[in-house]
Amino acid sequence: MRTAALCARWIGSHVARDVREAVVERWALGYAFVTRDTVESVGELSEATEDIVGRDTASGDLAHFAVLYHAGKLRSNFCFDELRQFLESSLLALACGSHREEPLFVALRSFAAFGSREVTAEHATALLDTAWTSPRRTRYVVDICLNGLQFAAPFEGRGELLRDRATEAVRDHPGDHMFLFRLASGRYMCGEYDAALGSVDEALRRLPATGSRVSHKLLQEQYLAMRNAIQDGLLRAHRDAEQQRRWADQESANRSIEETMRSSTVRAVELVAVFTAAIAFSVGSLQVTLTGTMPLRDRLWLVAAQGAGLAVFALLVVGGTWWLTRPRRRR
């Protein structure tokens with residue numbers, strides 16, 4: 001932390017104001033990532049804070065640089081709650097003064113809030129929007145905002161928010177492999193596997209092979225891990241689609257069998273009613289015809305009346321069966 005303060009003092013003396021902000025962001029956050037395995041303890045932070053705050057007229061600038069450096073370490077190690085407490089309540093962070101309102105500081109707060117289980121997603125999103133809509137938004141601000149969304153605790157709409165913001169970042173910074181990787185992550189969360197695969201392939205293609213070999217290898221491993229996850233998602237999606245198709249076919253077959261059984265039952269009841277009426281008519285008409293003593297004309301009228309009555313009985317049975325078993329429309 002003392003070395004970070006010395007770097008900040010050197011920047012204040014040697015770097016022009018129009019590029020100072022860019023140098024501060026790249027220097028503080030870049031070296032924070034490189035030295036992320038050496039995080040100062042609470043006691044070391046307290047001692048460094050006493051040396052940095054109050055001994056220089058530009059102590060606010062020195063504190064700001066030191067805070068970005070330490071916060072960058074916590075961010076690289078995904079220490080969300082530690083980062084949130086450090087930015088909100090540490091004496092060094094409070095000594096930053098007006099720097100606390102800058103979009104980079106707010107973006108770091110949103111990153112910590114998204115990863116914390118003690119902060120609501122609404123509060124984290126509000127911090128994100130404040131940093132994102134700032135006219136002083138830089139590439140590092142965009143990267144930290146997207147990074148926070150990518151590793152945020154699950155909440156509704158997270159994937160869509162990451163996808164939409166990453167799409168805007170790729171539009172504003174065309175060819176940036178990191179933002180293409182964030183876009184692939186957002187699309188993967190939304191289940192857009194084909195588009196996600198295209199984004200991560202583009203990120204791998206644009207990943208520069210120059211610079212630190214360690215950083216390049218680390219990023220390449222992350223991108224390849226995401227690519228494997230996307231391909232697994234594609235395979236699961238195809239399997240799920242096939243399973244859904246089979247379930248739909250089985251459900252259709254079950255409905256067909258159910259309809260056939262229902263129709264067969266109705267037809268059987270109707271057939272029994274018709275046969276019952278026919279048998280009753282045959283027995284009755286034979287008795288009247290063979291054993292009766294009435295004149296032929298009267299017998300014919302009696303047989304006709306009996307047949308009509310049994311026909312009406314059969315129609316009533318068939319009609320009642322249809323009425324009771326007809327498909328009913330749901331409201």
Side-chain angles (χ1 to χ4, degrees), residues 1 3-5 7-9 11-12 15 17-33 35-36 39-40 42 45-46 48-49 52-54 56-116 118-152 165 169 172 178 182:
M1 297 295 287
T3 304
C7 293
R9 184 177 288 109
I11 291 174
V15 179
R17 287 188 175 276
D18 57 339
V19 295
R20 187 174 299 173
E21 182 180 16
V23 174
V24 167
E25 291 181 350
R26 188 175 182 86
W27 196 337
L29 296 178
Y31 274 102
F33 179 78
T35 61
R36 63 190 180 278
V39 180
E40 283 79 0
V42 176
L45 281 175
S46 300
T49 300
I52 295 172
V53 177
D56 196 298
T57 56
S59 61
D61 295 337
L62 303 186
H64 178 237
F65 189 94
V67 165
L68 291 183
Y69 175 65
H70 186 69
K73 287 184 177 182
L74 296 177
R75 173 209 171 196
S76 300
N77 293 325
F78 302 101
C79 301
F80 298 105
D81 287 317
E82 292 88 340
L83 176 58
R84 180 176 60 85
Q85 294 171 3
F86 172 70
L87 294 175
E88 292 181 355
S89 59
S90 69
L91 294 177
L92 193 60
L94 295 175
C96 292
S98 61
H99 290 293
R100 294 177 58 85
E101 306 301 324
E102 293 180 358
L104 183 61
F105 198 100
V106 179
L108 287 168
R109 290 182 60 200
S110 75
F111 176 88
F114 273 123
S116 175
E118 301 178 2
V119 181
T120 63
E122 290 77 11
H123 177 69
T125 304
L127 291 173
L128 171 72
D129 292 338
T130 301
W132 192 270
T133 57
S134 172
R136 296 179 57 189
R137 185 184 75 184
T138 63
R139 183 199 174 279
Y140 279 99
V141 172
V142 174
D143 183 43
I144 292 174
C145 289
L146 296 180
N147 194 17
L149 278 174
Q150 185 177 5
F151 292 97
R165 293 299 171 88
D172 295 341
M178 181 59 69
R182 308 291 189 206

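If you read the sequence from its start, that first residue is 1, and numbering goes on from there. It should be emphasised that the depicted structure is a prediction, and the values quoted were computed from it without experimental measurement.
Looking only at atom types and distance, the side chain of Y69 has a donor-acceptor partner in the side chain of T35 under 3.5 Å away.
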Self-check item: salt bridge (Lys or Arg N to Asp or Glu O under 4.0 Å) between R20 and D61, worked out
Solution: CA-CA 11 Å; R20 187 174 299 173; D61 295 337; 5.4 Å; no
Practice problem: Would you check, one step at a time, whether the test ring-ring contact (aromatic ring centres under 6.0 Å, His included) holds for F151 with F78? | Solution: CA-CA 9 Å; F151 292 97; F78 302 101; 4.8 Å; yes
Exercise. Please assess V67 against F86 for the test side chain to side chain contact (heavy atoms under 4.5 Å, CB included), listing each intermediate value before the final yes or no.
Key: CA-CA 9 Å; V67 165; F86 172 70; 3.8 Å; yes
Exercise. Step by step, work out the side chain to side chain contact (heavy atoms under 4.5 Å, CB included) result for Y31 and T3.
Key: CA-CA 11 Å; Y31 274 102; T3 304; over 6 Å; no
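When all heavy atoms are compared, the tightest approach of I52 to A5 is CG1-CB, 3.7 Å. The shortest heavy-atom contact between L29 and L68 is CD2-O, 3.7 Å.
Taking OG1 from T49 and CG from L92, the interatomic distance works out to 4.5 Å, rounded to the nearest 0.5 Å. To the nearest 0.5 angstrom, R84 atom CZ is 4.0 Å from S116 atom OG.
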Show me the side-chain donor-acceptor pairs of residues 138-145 shorter than 3.5 Å, one per line, residues at least two apart or across chains.
unit_1: T138; atom_1: OG1; unit_2: E25; atom_2: OE1; d: 3.0
unit_1: T138; atom_1: OG1; unit_2: E25; atom_2: OE2; d: 3.2
unit_1: T138; atom_1: OG1; unit_2: V141; atom_2: N; d: 3.4
unit_1: R139; atom_1: NE; unit_2: D176; atom_2: OD2; d: 2.8
unit_1: R139; atom_1: NH2; unit_2: D176; atom_2: OD1; d: 3.3
unit_1: R139; atom_1: NH2; unit_2: D176; atom_2: OD2; d: 3.3
unit_1: D143; atom_1: OD1; unit_2: R182; atom_2: NH2; d: 3.2
unit_1: D143; atom_1: OD2; unit_2: R75; atom_2: NH2; d: 3.2

Which atom pairs, one a donor and one an acceptor, fall under 3.5 Å between side chains of residues 100-114 and the rest of the protein, sequence neighbours left out?
unit_1: R100; atom_1: NH1; unit_2: L87; atom_2: O; d: 3.0
unit_1: R100; atom_1: NH1; unit_2: A93; atom_2: O; d: 3.2
unit_1: E102; atom_1: OE2; unit_2: H99; atom_2: ND1; d: 2.8
unit_1: S110; atom_1: OG; unit_2: A107; atom_2: O; d: 2.7

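A donor-acceptor pair is defined here as one N or O able to donate and one able to accept, closer than 3.5 Å; no such pair exists between the side chain of R36 and the backbone of N77. At least one donor-acceptor pair under 3.5 Å links the side chain of T130 to the backbone N or O of A126.
Contact check for R165 versus D129: side-chain heavy atoms found under the 4.5 Å cut-off. Looking only at side-chain heavy atoms (C-beta outward), L91 and V53 stay at 4.5 Å or farther from each other.
F65 and W27 have perpendicular rings, their planes meeting at more than 60° on a 0 to 90° scale where under 30° would count as parallel.
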